[in-house]
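Written below as structure tokens is the structure these notes are about.
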Amino acid sequence: MDEEYVERVRELVLRIPAGRVLSYGRVAELLAGGYGPRYVGRVMSIEGQDLPWWRVVRADGAMAPPLMGEAQVHWMEEGTPVRDGRVLMREALWT
DNA sequence: CGTGTGACTGGGC
DNA sequence: GGCCCAGCCACAC
């Protein structure tokens with residue numbers, strides 16, 4: 001793992017306000033570290049346990065299947081706009 | 001070295 | 001809107 005990149009991912013994720021989200025692809029863009037969405041996903045799965053990982057979702061507003069249950073709870077708690085189990089990206093995407 | 005595998009995406013239908 | 005698919009690329013075997 002590129003530990004320096006991991007740290008940058010962590011810092012950015014911690015800046016996402018409650019109730020808002022960023023897509024894996026957007027995180028990759030903002031960090032411009034030469035890695036793509038899949039790598040961001042890998043980082044989140046390995047080093048994102050102690051982060052508000054539910055604020056980083058797929059471009060279509062959903063999450064990988066195993067995480068949907070937990071994510072739903074957090075989205076509800078934070079008042080994240082959700083419909084049919086998916087975050088409404090038009091409204092929740094953090095600029 | 002060759003292959004398979006994703007916390008992914010955008011494009012085509 | 002949904003489904004499929006190729007492209008993606010670091011990683012583990």
Side-chain angles (χ1 to χ4, degrees):
Chain A
M1 292 282 287
D2 182 333
E3 296 305 328
E4 185 187 322
Y5 189 71
V6 169
E7 195 47 44
R8 302 208 323 149
V9 169
R10 296 176 55 83
E11 287 173 14
L12 178 56
V13 173
L14 286 171
R15 288 181 45 197
I16 305 173
R20 307 300 297 284
V21 302
L22 233 41
S23 69
Y24 295 95
R26 190 71 184 123
V27 169
E29 279 184 11
L30 293 172
L31 295 181
Y35 293 103
R38 302 202 87 126
Y39 193 73
V40 172
R42 184 186 305 284
V43 169
M44 291 303 284
S45 84
I46 300 173
E47 311 277 348
Q49 314 298 347
D50 56 342
L51 294 175
W53 52 265
W54 54 91
R55 293 180 193 158
V56 181
V57 306
R58 286 192 331 211
D60 67 357
M63 286 288 292
L67 303 170
M68 285 302 284
E70 263 299 286
Q72 296 280 353
V73 177
H74 289 291
W75 291 337
M76 191 180 76
E77 291 179 343
E78 302 187 346
T80 307
V82 173
R83 185 177 49 134
D84 298 326
R86 298 188 303 109
V87 173
L88 296 179
M89 301 307 277
R90 295 299 260 297
E91 302 174 30
L93 195 56
W94 182 51
T95 51

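Hydrogens, waters and symmetry mates play no part in the numbers below; they use all other heavy atoms, side chains included. Note on naming: letters A, B, ... go to the chains in the order of the sequence lines (proteins, then strands), and numbering restarts at 1 for each one.
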Take the protein atom [atom1] of [X] and the nucleotide atom [atom2] of [N], then report the distance between them rounded to whole Å.
| X | N | atom1 | atom2 | answer |
| --- | --- | --- | --- | --- |
| I46(A) | dT5(B) | CD1 | C1' | 13 Å |
| L22(A) | dC8(B) | CG | P | 15 Å |
| R58(A) | dG6(B) | CZ | P | 14 Å |
| M63(A) | dG6(B) | CE | C1' | 14 Å |
| Y24(A) | dA7(B) | OH | P | 9 Å |
| L30(A) | dC8(B) | CG | P | 18 Å |
| D60(A) | dC3(C) | CG | P | 11 Å |

Please round to the nearest 0.5 Å and tell me the distance separating atom [atom1] of [X] and atom [atom2] of [Y].
| X | Y | atom1 | atom2 | value |
| --- | --- | --- | --- | --- |
| I16(A) | R26(A) | CD1 | CZ | 11.0 Å |
| R20(A) | T95(A) | CZ | OG1 | 6.0 Å |
| R8(A) | Y35(A) | CZ | OH | 10.5 Å |

Got a list of protein N/O to nucleotides 8-10 of chain C N/O distances below 3.5 Å?
unit_1: dC8(C); atom_1: O2; unit_2: R38(A); atom_2: NH1; d: 3.3
unit_1: dA10(C); atom_1: N3; unit_2: R42(A); atom_2: NH2; d: 3.0

Would you check if there is a donor-acceptor pair between the side chains of E70(A) and W53(A) at a distance under 3.5 Å? no
Proximal nucleotide (of dC8(B), dA7(B), dG10(B)) relative to the W53(A) side chain: dA7(B)
Keeping R86(A) on the side-chain end and D60(A) on the backbone end, is there a donor-acceptor pair under 3.5 Å? yes
Judged by each residue's nearest nucleotide on DNA chain B, which is more toward the 5′ side, E29(A) or L67(A)? L67(A)
For the residue pair L67(A) and W54(A), establish whether any side-chain heavy-atom pair is separated by less than 4.5 Å. no
OP1 or OP2 of dG6(B) under 4.0 Å from side-chain N/O of S45(A): no
